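This one's a predicted model, so the numbers in the text were calculated from it and none came from an experiment.
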Amino acid sequence: MASHGKPRNLSHKIIALLLAAIAVIAYSPVLNNDFVSYDDYKYTVDNSYVKGGLSVESVKWAITADYFSNWHPLTWISHLADISLYGLNPMGHHLSSLLIHALNTGLLFYVLYLLAGAGTRLWECAFAAALFAVHPLNVESVAWVAERKNVLCTLFWLLSFLAYIYYVRRQTLRRYLMVLLLFSMALMSKPMAVTLPFTLLLIDYWPLGRFNKAGKSAVAKSPAAGLIAEKIPFFLLSVVSAVITVYAQMHEGAIVSFETLPLATRIVNAAMSYAGYIEKLFVPIHLAVFYPYIEIKSPVVITLNALILAGTSVFVVLKRKTAPYLLIGWLWYLGTLVPVIQIVQVGAAQMADRYMYIPAIGLFIMISWGCGDVLAARMPSKKTAAAALGITAVLLLAVMTFRQSGCWKDSSSLYKHAIEVTTANYLAHNNYGQVLMKHGMFDEAIGQFKKGLDIMPENVDLNYNMWLALKAKGTPDDKYLLNASALWFRGDTATLYKNAGIGYIEQRNYEYAVGFLLKSLLINNKDAETFNHLGMALQGRGLFKEAAMSFGKAIGLNPNNPAFHFNKAVVLNRAGDLKAAVAEL
């Protein structure tokens, strides 16, 4: 149970600073890293609002934008501030993320220190924070500029905890509102913070012990009911944030339908992911930017993982009296992973290292407090040896983090590493192929796209990128474009041919474009856009009168589209009919 006395010495502050320094050293390679093609450019370089830096207009945009399927205005504002401070120098952007992570490390230690009673579990607090500081699972959150939202959200999450501890000590409206404000800021950094009210109830149980001593209130007849009532505004904010997030993701088409991935499959995947994250926590090797969805068909493997999770849950419940930290740490882990455990599947990723940034804290508490109790009960005379083992473990993790941070040096390094340490990683092959194509290495890019298609032949991006690479090399193969279009518009053959025609217009192959657009019109002759594009293709072939007729068809279907009239005027002028062109204008 936490003490209400104030800390009497500076040892805890010195430890917090040392832990933050260790985090900075472990992640120092990120300062030499570039932006990566995996969303970094879309968050910074290619985002017209962000790359202009802080301004009234850009802040207004940040507050209202649901860009990238999320509403996180404070994250956008942090990127705007980086542009104002560092321009497009990636070192500055990485420095900001690293400093926030170091601050999170010190804050986590201080929060645990206060919860533990200002000194009674000093080294357990330090060990838990050290694990958080240097664990390789956190590299993705720190080294990836586009994942700034994770470290920023955690900053406000921990500040919310700190404010909550002070609120519990002296319950005033001002302190309560401060907790609520900081929680709102966490939500405005990343919606994963929706589980914070649940974790506040966990620390109410242990170590604050409020379930035993909370008094009755006007709205509740029991301590538990009173504590839940106290969190109602927090839960309401979580619901609002969840609704906004789901709407934004549905609007962007990011949510995978239950037809594509059934609920039963998602539940199995969730159980496997819970077990998989624990495995990666204890054996943090083969970490990658992508873990593509892999269907587990072995009932033995599924059953074994389910039994491990269920057995652990039963064990921590049985030990709740003598070791309550096991129950709280375990529930923290299970609960805070719920928003990203992919019951509501977003994207193709089965798991992601970044999802463990907050949930791993629960497991670190279990490990640190558990080791402390075992040491005190069974090896009281071997504290020096135990401390040496703990320091060795932290140093080993720091070395692994140092190396893993270097894997994010640039796009090529990131995707090549993912391909090396995972299997069937069609996402990594696709992204690496795009990087190679950008550098003019078309044969190598085609090889990567082929490897990806061997794994996932019905992937839209791989088919389209293969077509682009072959087209750039001068040997386009229409089947890949048609495959991509067919996957985009299943059963809509007219749209398939229309998009193929548009693709050939873009590469100025007007003869092929005319053929595909005519095929589309044979199926659907009521599409004004198709007639418009056919006119553009005919214009490209120099057939101006025929192009004018096609634009006329488009105008007949949509007479109020000014672009159609302009396009017709251009070809009429090229055909020598100036009077008709002027009339069309």
Side-chain angles (χ1 to χ4, degrees), residues 39-40 42-44 47 49-50 54 58-85 93-108 111 132 138 140-164 177-200 233-249 252 254 336-340 346 352-361:
D39 294 350
D40 277 359
K42 293 178 181 178
Y43 268 75
T44 54
N47 188 319
Y49 285 96
V50 170
L54 279 170
S58 63
V59 171
K60 285 181 180 178
W61 171 83
I63 294 171
T64 58
D66 62 356
Y67 185 59
F68 256 75
S69 306
N70 275 308
W71 181 71
H72 41 53
L74 289 185
T75 295
W76 287 125
I77 290 171
S78 79
H79 287 297
L80 290 166
D82 277 358
I83 294 292
S84 294
L85 288 171
H93 296 255
H94 287 299
L95 176 63
S96 292
S97 293
L98 175 52
L99 291 178
I100 295 172
H101 175 65
L103 183 56
N104 288 343
T105 299
L107 269 174
L108 175 60
V111 165
F132 173 83
N138 289 341
E140 184 168 286
S141 295
V142 181
W144 186 17
V145 170
E147 196 52 25
R148 168 71 56 74
K149 52 185 174 287
N150 212 14
V151 291
L152 193 64
C153 171
T154 305
L155 172 63
F156 290 114
W157 176 294
L158 292 169
L159 287 172
S160 299
F161 264 65
L162 189 60
Y164 185 71
L177 292 176
M178 178 56 70
V179 183
L180 202 60
L181 173 63
L182 290 167
F183 172 47
S184 302
M185 295 175 78
L187 290 172
M188 288 190 288
S189 302
K190 186 177 182 179
M192 188 173 172
V194 291
T195 56
L196 184 136
F198 164 73
T199 56
L200 292 181
F234 294 85
F235 283 113
L236 289 175
L237 281 176
S238 291
V239 170
V240 171
S241 177
V243 169
I244 292 173
T245 300
V246 171
Y247 172 79
Q249 291 175 342
E252 293 291 326
T336 55
L337 260 179
V338 167
V340 289
V346 179
D353 294 350
R354 61 188 179 275
Y355 295 157
M356 278 292 281
Y357 195 70
I358 289 175
I361 293 172

Return the CG to OG1 distance between L337 and T195, rounded to the nearest 0.5 Å. 9.0 Å

Nearest-0.5 Å distance, CH2 of residue W144 to NZ of residue K149: 6.0 Å

Could you report the tightest heavy-atom contact between I77 and V59, atom names first, then the distance? CD1-CG1, 4.3 Å

Assign the ring pair W157 / F161 to parallel, tilted or perpendicular, where the plane angle (0 to 90°) is split at 30° and 60°. parallel

Are any side-chain N or O atoms of R148 and backbone N or O atoms of H93, one a donor and one an acceptor, separated by less than 3.5 Å? yes

Got a sec: does the CZ of F198 have more than 12 other heavy atoms crowding it under 6.0 Å? yes

Gap between atom CD1 of I100 and atom OG1 of T105 - 0.5 Å precision: 12.0 Å

Inter-residue atom distance S241.OG - K190.NZ, 0.5 Å rounding: 12.0 Å

Main chain of L158, side chain of N104: is a donor-acceptor contact present, judged purely on distance under 3.5 Å? no

Minimum heavy-atom separation for A186 to A193, with atom names? CB-CB, 3.8 Å

Is the ring centre of H101 less than 6.0 Å from the ring centre of Y357? yes

Heavy-atom donor-acceptor pair, S97 side chain to H94 backbone, under 3.5 Å: no

Which atoms form the tightest heavy-atom contact between L237 and S184, and what is the distance? CD1-OG, 3.4 Å

When rounded to the nearest 0.5 angstrom, what is the spacing between OH in Y43 and OG in S78? 10.0 Å

Closest heavy-atom pair and its distance - N70, H72: CB-CD2, 3.4 Å

Can you tell me if S84 uses its side chain to pair, donor with acceptor, with the backbone of L54 under 3.5 Å? yes

Is it the case that the side chain of D82 and the backbone of S96 share a donor-acceptor pair, with hydrogens and angles ignored and the cut-off at 3.5 Å? no

Interatomic distance, CZ@F183 vs OH@Y164, rounded to 0.5 Å, equals 12.5 Å

With heavy-atom distances below 4.5 Å as the criterion, would you say the side chains of W71 and T245 are in contact? no

Do any N or O atoms from the side chain of T75 and from the backbone of S189 form a donor-acceptor pair under 3.5 angstrom? yes

Kindly give the heavy-atom pair with the smallest separation between E147 and E140, and that separation in Å. CB-O, 4.0 Å

For a side-chain contact (heavy atoms from CB on, under 4.5 Å) check, start with the C-alpha distance between T154 and L107, then their side-chain angles and the critical distance, and finish with the verdict. CA-CA 10 Å; T154 305; L107 269 174; over 6 Å; no

Test applied, side chain to side chain contact (heavy atoms under 4.5 Å, CB included); reference residue, S160; option that passes from L196, V111, L155: L196

For residues A146 and D40, report the shortest heavy-atom separation together with the two atoms involved. N-OD1, 2.9 Å

Test M185 against L152 for side-chain contact (heavy atoms from CB on, under 4.5 Å), laying out the working first. CA-CA 9 Å; M185 295 175 78; L152 193 64; over 6 Å; no

